[in-house]
Amino acid sequence: MLRSGGTVRKERGAEKRFRIAGLPRGTYGLKQFDFTPGRGISRQTLEEIVECRWIAKRVPHQRRDSRRDGQSIAITGATGCGKSFLAMVISSEAIERGYNVRYWSLSELMERLSKLRKNLRR
């Protein structure tokens, strides 16, 4: 099957974004998510979230580092309820839609912030 140049570029871009995010492609998606009632999230809610309307797009004339008016999502719950998996599902869906994502566990994020803080003190 032949693919157009645009399709190949999109595929390469997605592969690169998955690599940068630290997530394997195809592992996390809506198909793999368990929607049992104890999870606390409905299929409809998750489908709305993965549409990525809550992520603000950069207006073409804005600088790359300009402020965005997007919204944040906080995922809370008991240990083992699937918070990390849910975050990976949302991240993977956003990457497939062309957004850049960085995925870190809380411990990885805290370690990175601690290193940055030490570097700023120097």
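A94 and I55 get closest at one heavy-atom pair: CB-CD1, 4.3 Å. The minimum heavy-atom distance linking L23 with I95 is given by the pair CD1-CD1, 4.4 Å. In this structure, E93 and L30 approach most closely via the heavy-atom pair OE2-N, 3.6 Å. In terms of heavy atoms, G26 sits closest to Q32 at O-NE2, 3.9 Å. Closest approach of R17 and Y99 over heavy atoms only: CD-O, 3.2 Å. Of all the heavy atoms in C52 and R97, the pair that sits closest is SG-CD, 3.8 Å.
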- [ ] Determine, step by step, whether V89 and I49 satisfy the side-chain contact (heavy atoms from CB on, under 4.5 Å) criterion, reporting the C-alpha distance in whole Å, the side-chain angles of both residues, the deciding distance to 0.1 Å, and the verdict.
- [x] CA-CA 10 Å; V89 168; I49 290 170; over 6 Å; no

Open item on the list: Run the side-chain contact (heavy atoms from CB on, under 4.5 Å) test on E11 and K16 for me, step by step, so that the C-alpha distance in whole Å, both residues' side-chain angles and the decisive distance to 0.1 Å come before the verdict.
Closed with: CA-CA 9 Å; E11 286 295 315; K16 182 178 178 181; over 6 Å; no

- [ ] May I have the step-by-step check of side-chain contact (heavy atoms from CB on, under 4.5 Å) for S92 and F18, ending in yes or no?
- [x] CA-CA 8 Å; S92 294; F18 271 100; 3.7 Å; yes

- [ ] Could you give me the CA-CA distance, side-chain angles and deciding distance for R19 and R25, then say whether side-chain contact (heavy atoms from CB on, under 4.5 Å) is met?
- [x] CA-CA 8 Å; R19 196 171 43 256; R25 189 170 190 182; over 6 Å; no

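Atom OG1 of T7 and atom CZ of R12 lie 11.5 Å apart (nearest 0.5 Å). Here E111 contributes atom CD and K115 contributes atom NZ; the two are 4.5 Å apart, rounded to the nearest 0.5 Å. For the atom pair CZ (R102) and OG (S91), the distance works out to 12.0 Å, reported to the nearest 0.5 Å.
With sequence neighbours excluded, no residue satisfies ring-ring contact (aromatic ring centres under 6.0 Å, His included) with Y103. For the ring-ring contact (aromatic ring centres under 6.0 Å, His included) test, residues two or more places apart in sequence or in another chain that qualify with F33 are F35.
M88 and W104 fall into different hydrophobic clusters, defined by Ile, Leu, Val, Met, Phe, Trp and Tyr side-chain heavy atoms under 4.5 Å apart, directly or through other members. A continuous path of Ile, Leu, Val, Met, Phe, Trp and Tyr side chains, each step under 4.5 Å between heavy atoms, connects V101 with I75, placing both in one hydrophobic cluster.
Not one N or O on the side chain of K83 forms a donor-acceptor pair closer than 3.5 Å with the backbone of T76. Judged by distance alone, with hydrogens and angles left aside, the side-chain atoms of E108 form a donor-acceptor pair with the main-chain N or O of S105 at under 3.5 Å. A donor-acceptor contact shorter than 3.5 Å is absent between the side chain of T45 and the backbone of I41. In terms of modelled atom types and a separation under 3.5 Å, the side chain of K118 and the main chain of L113 share no donor-acceptor contact.
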